[in-house]
Amino acid sequence: MRGRFWPTVRDDPADAEAISHKLSVRAGLVRQLAAGLYTVTPMGLRVIQRVEAIVREEMDAIGAQEVLMPVMHPAEIWEATGRYGLAEQFRLEDRGGRRMVLGMTHEEIITWHAAREIRSYRDLPQSWYQIQTKLRDEPRPKSGMLRVREFTMKDSYSFDADEAGLERSYEAHSRAYTRIFDRAGITWYRVESDVGMMGGSGAHEYMAPSPAGEDVVARSADGGYAANVELAVSVAADPAFGDAPDAPEEFATPGVGAIDELVELTGLPPAALAKSVVVVSDDGPVLAIVRGEHQVHEKKLARIIGPHRAAHPEEIRGWFGADPGSLGPVGVDPGTVRIVADPTLRTGHYVTGANRDGFHLRGVVLDRDFTAEVADIRTVLPGEDAVDGSGPLDLVPVIEIGNIFKLGTKYSEPLGARYLDEDGQEQVIIMGSYGIGPARVAMAAIEQGHDDDGIVWPTGIAPFDVHIVLIGDDDSPQGAYAADLWQSLSDHGLETVLDDRPGLRPGEKFVEADLLGCPIRVTVGKRTLPDGPLEVRIRRTGEVHEVPLDSAEDRILALWRGLAGA
RNA sequence: CGGGACGUGGCGCAGCUUGGUAGCGCACCUGCUUUGGGAGCAGGGGGUCGCGGGUUCAAAUCCCGCCGUCCCGACCA
């Protein structure tokens with residue numbers, strides 16, 4: 001290790017929040033260049049490369065073939081799919097004024113190639129992957145390596161003749177991902193996900209639970225149901241509504257605006273109240289209605305009405321004749337305001353605003369007193385039951401570490417990726433796309449594996465398997481022994497590092513070894529020679545094994561196999 | 001893009017309110033002692049106080065503008 005570039009730090013970086021951010025900097029794995037731009041050190045690179053090695057093995061195992069595409073692309077290809085000009089897209093011109101983009105993903109490029117190379121059903125199926133740089137002008141990079149503007153991604157793309165073929169390719173990737181994330185040693189969930197800007201007909205995300213995560217998964221205890229909250233659904237228990245009056249009844253609610261004030265005034269549970277939220281879409285005002293205990297989920301609503309913003313109070317007064325706090329759907333002209341109600345409103349009767357300041361209506365019934373489009377627009381609440389009967393849902397913050405998309409013909413159609421089938425008929429290729437972020441896998445491992453002393457790596461992706469701490473000079477007897485041990489362990493197939501840095505005190509070496517977090521630490525000092533024992537410490541548990549010198553390699557190898565489950 | 005905070009040797013921070021010779025801890029260099037959990041003593045090097053304007057006899061400090069970084073939100077394959 002002497003002479004190795006391994007810059008550790010004592011203090012947490014001042015601007016770090018996430019544990020993986022603090023520890024990846026302190027353990028000398030990464031260094032920041034600018035917002036969302038990180039350099040990976042030799043030590044950090046070892047971790048990334050181990051993740052990538054697992055990825056390559058498992059991708060190769062399902063017959064995917066590695067390629068490497070440029071990071072810079074002609075703009076026209078992106079224009080063909082309508083994805084030129086996205087806010088996150090870095091754009092530039094070459095010296096000839098030709099418009100270029102830096103790739104945020106590679107659907108366009110791989111499909112452009114497929115369109116030129118695939119001719120016949122005999123050429124299908126294909127799965128091509130690469131591990132390569134992506135650039136995205138994130139509005140807000142954050143949390144160290146978790147959300148960055150430039151990162152390496154494993155992205156693969158499948159090309160099939162039909163939907164059944166896509167299903168096979170999708171399942172093959174799903175199998176590979178299971179093996180990859182299991183081998184990486186992290187806790188992960190496979191969840192239903194939104195197709196987002198990728199488009200297509202179906203998708204799953206691979207999520208590593210962590211407080212630093214930016215996404216939230218709704219999940220039943222046994223994992224029977226698991227979905228991104230962006231599309232998660234649940235069973236909301238109905239309150240005791242009682243009999244509905246024959247028609248809505250107006251009552252005075254002076255000064256009442258918020259739901260909790262209405263709860264206090266009426267004595268009714270929030271679930272018997274209806275919350276009215278006004279937004280403005282490209283096509284005009286929209287009244288979104290959910291029950292009082294729920295929140296409108298912006299993304300779900302956007303899937304129904306498109307991009308939208310919150311309405312200004314003066315706009316609301318114009319449309320409803322009342323201020324926010326007294327709004328409701330009854331009497332609203334559907335020609336002026338589009339009304340979208342959550343399916344929970346289908347049962348029961350509700351208290352809503354009367355569109356008259358200081359008054360509400362009770363006994364409001366959907367389809368009797370007002371009409372609305374009914375669509376799922378609410379966020380699920382923890383404790384609500386899963387729709388598949390697998391029990392109450394928990395809401396878990398997660399890091400997205402991978403995703404798989406059924407793209408269908410979203411890219412092959414505009415880019416002309418077609419083939420001739422057995423009957424000589426031209427058909428559009430059916431595609432899938434599949435991503436993994438190796439650095440995110442590494443950061444998720446840190447989030448999930450650390451203690452007060454530093455990182456506790458899973459055996460699959462630790463920078464080294466064994467960390468030998470030499471106490472003493474390397475020209476001492478123990479120095480010679482440590483060097484021999486390093487050679488011997490390496491010959492046994494263990495990735496081993498020897499800390500033979502001169503001039504450091506033992507305590508410093510121990511502290512830095514703990515910070516780095518390799519699974520096994522071996523201490524070689526003057527206590528070791530001439531008769532042993534050799535101290536072997538397990539990072540995860542802290543347990544210390546004192547092993548005799550004459551069987552040291554075998555014992556260490558056995559301990560390693562036990563840890564690695566091999 | 002909205003809200004907030006911060007920018008002072010490599011790192012972590014104080015100094016700013018009330019303008020007056022830039023400081024502390026760690027790290028670094030030299031020497032001696034020390035050496036199984038971030039050593040001790042002594043000596044030493046290193047900072048246009050983010051950048052640009054302004055006020056003032058005098059600006060790290062007050063004012064204006066800009067840039068950068070982080071956090072919350074919006075956004076996010």
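The figures that follow rest on heavy atoms only: side chains count, while hydrogens, waters and symmetry mates do not. Here is how names work: the chains are called A, B, and so on, in the same order as the sequence lines, proteins then strands, and each is numbered from 1.
For B/rG47, there is no paired base (Watson-Crick or G-U wobble, both distances below 3.5 Å). With both pairing distances under 3.5 Å, B/rG31 is matched to B/rC41 as a Watson-Crick or G-U wobble pair. Across the strands present, B/rG68 finds its partner in B/rC6; the criterion is a Watson-Crick or G-U wobble pair with both atom distances under 3.5 angstrom. Nucleotide B/rC24: paired with B/rG12 (Watson-Crick or G-U wobble, both distances less than 3.5 Å). Under the Watson-Crick or G-U wobble criterion, with both distances below 3.5 Å, B/rA59 is left unpaired in every strand shown. Remark: B/rC76 base-pairs with no nucleotide; criterion is Watson-Crick or G-U wobble with both hydrogen-bond distances under 3.5 Å.
Contact check on A/Arg83 versus A/Glu107 returns a salt bridge, with a Lys/Arg side-chain nitrogen under 4.0 Å from an Asp/Glu carboxylate oxygen. Salt bridge present: A/Arg99 and A/Glu79 bring a charged side-chain N and a carboxylate O closer than 4.0 Å. Salt bridge A/Glu58/A/Lys154: absent, no basic N to carboxylate O contact under 4.0 Å.
Residue-level contact check: A/Arg31 touches neither bases nor backbone, having no heavy atom under 4.0 Å from any strand.
Between A/Arg56 and A/Ile131, the closest side-chain pair of non-hydrogen atoms falls below 4.5 Å. Looking at heavy atoms from C-beta onward, A/Ile186 lies in side-chain contact with A/Ile401 at the 4.5 angstrom threshold.
Spacing of C1' atoms, B/rU69 relative to B/rC51, comes out at 15 Å, to the nearest Å. B/rU61 and B/rG50: their C1' atoms are spaced 16 Å apart (whole Å). Comparing B/rC49 with B/rA14, their C1' atoms sit 13 Å apart, to the nearest whole Å. The separation of B/rC6 from B/rA42, taken at their C1' atoms, amounts to 38 Å, rounded to a whole angstrom. Distance noted for atom P between B/rG9 and B/rG15: 15 Å (whole Å). Atom P of B/rG45 sits at a distance of 16 Å from the matching atom of B/rG25, rounded to the whole Å. Across B/rG7 and B/rC62, the matching P atoms stand 11 Å from one another, rounded to whole Å. Annotation: B/rA60 and B/rG52 have their C1' atoms spaced 16 Å apart (nearest Å).
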List, one per line, each side-chain donor-acceptor pair under 3.5 Å for residues 25-32 of chain A, sequence neighbours excluded.
unit_1: A/Arg26; atom_1: NE; unit_2: A/Val9; atom_2: O; d: 3.4
unit_1: A/Arg26; atom_1: NE; unit_2: A/Arg10; atom_2: O; d: 3.2
unit_1: A/Arg26; atom_1: NH2; unit_2: A/Arg10; atom_2: O; d: 3.4
unit_1: A/Arg31; atom_1: NH1; unit_2: A/Val25; atom_2: O; d: 2.9
unit_1: A/Arg31; atom_1: NH2; unit_2: A/Pro7; atom_2: O; d: 2.5
unit_1: A/Gln32; atom_1: NE2; unit_2: A/Ala34; atom_2: O; d: 3.1

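If you measure from atom CD of A/Glu400 to atom C1' of B/rC76, you get 9 Å, rounded to the nearest angstrom. Protein atom CG of A/Leu516 is 20 Å distant from nucleotide atom P of B/rG37, rounded to whole Å. In this structure, A/Asp453 places its CG atom 14 Å from P of B/rG37, rounding to the nearest Å. Between A/Glu17 atom CD and B/rC72 atom C1' the separation is 10 Å, expressed in whole Å. The separation between A/Glu138 atom CD and B/rC71 atom P is 13 Å, rounded to whole Å. In this structure, the CG atom of A/Asp499 is 13 Å from the C1' atom of B/rG36, given to the nearest Å. Between the CD atom of A/Glu88 and the P atom of B/rA74 there is a distance of 15 Å, rounded to whole Å. A/Phe90 places its CZ atom 14 Å from the C1' atom of B/rC76, with the value rounded to the nearest Å.
Of all heavy-atom pairs spanning A/Ala18 and A/Ser143, the tightest one is CB-CB, 4.1 Å.
Other residues, nucleotides and ligands place more than 12 heavy atoms under 6.0 Å from the CD atom of A/Glu76. The number of heavy atoms from other shown groups lying within 6.0 Å of CZ (A/Arg179) does not exceed 12.
Position along RNA chain B of the nearest nucleotide to A/Asn403 versus A/Ala16 favours A/Ala16 as the more 5'-ward residue. Nearest-nucleotide positions on RNA chain B for A/Glu535 and A/Met153 put A/Glu535 closer to the 5' end.
Side-chain nitrogen and oxygen atoms of A/Lys142 include none within less than 4.0 Å of the OP1 or OP2 phosphate oxygen of B/rU69. Between A/Lys299 and B/rC76 there is a side-chain polar atom (N or O) within less than 4.0 angstrom of OP1 or OP2. Side-chain nitrogen and oxygen atoms of A/Lys509 include none within less than 4.0 Å of the OP1 or OP2 phosphate oxygen of B/rG38. Dashed line: the shortest gap from a side-chain N or O of A/Arg140 to OP1 or OP2 of B/rC70 is not under 4.0 Å. Note on A/Gln478: every side-chain N or O is 4.0 Å or more away from OP1 and OP2 of B/rG36.
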Distances under 3.5 Å between nitrogen or oxygen atoms of protein and nucleotides 39-46 of chain B:
unit_1: B/rA39; atom_1: OP2; unit_2: A/Arg505; atom_2: NE; d: 3.0
unit_1: B/rA39; atom_1: O4'; unit_2: A/Arg505; atom_2: NE; d: 3.4
unit_1: B/rA39; atom_1: N9; unit_2: A/Arg505; atom_2: NH1; d: 3.3
unit_1: B/rA39; atom_1: N7; unit_2: A/Arg505; atom_2: NH1; d: 3.4

Are any protein N/O atoms closer than 3.5 Å to N/O atoms in nucleotides 3-13 of chain B? If there are, list each pair with its distance.
unit_1: B/rG12; atom_1: OP1; unit_2: A/Ala14; atom_2: N; d: 3.3

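Paired with A/Val216 under the rule side-chain contact (heavy atoms from CB on, under 4.5 Å), one option of A/Asn228, A/Val380, A/Leu395 passes, and it is A/Leu395.
Under the salt bridge (Lys or Arg N to Asp or Glu O under 4.0 Å) criterion, the residue pairs touching residues 446-457 of chain A are A/Asp451-A/Arg539, with sequence neighbours excluded.
Near-neighbour residues of RNA chain B inside residues 18-29 of chain A, defined by a heavy atom below 4.0 Å, number-ordered: A/Arg26.
Closest to the A/Arg527 side chain, of the nucleotides B/rC75, B/rG37, B/rG36, is B/rG36. Closest approach to the A/Val511 side chain among B/rG36, B/rG37, B/rC70 is made by B/rG37 (side chain taken as heavy atoms from C-beta onward). Picking from B/rU69, B/rC75, B/rG37 the nucleotide with the shortest atom distance to the side chain of A/Gln32 gives B/rU69.
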Dump the intermediate steps for side-chain hydrogen bond (donor to acceptor under 3.5 Å, both in side chains) on A/His173 and A/Ser156, then the final yes or no.
CA-CA 9 Å; A/His173 276 85; A/Ser156 47; 3.0 Å; yes

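Residues passing the ring-ring contact (aromatic ring centres under 6.0 Å, His included) test with A/His106 are A/His73, sequence neighbours excluded.
Interatomic distance, A/Arg147 CZ to A/Met145 CE, rounded to the nearest 0.5 Å: 13.5 Å.
Checking side-chain atoms of A/His545 against main-chain N and O of A/Glu543 turns up no donor-acceptor pair under 3.5 Å.
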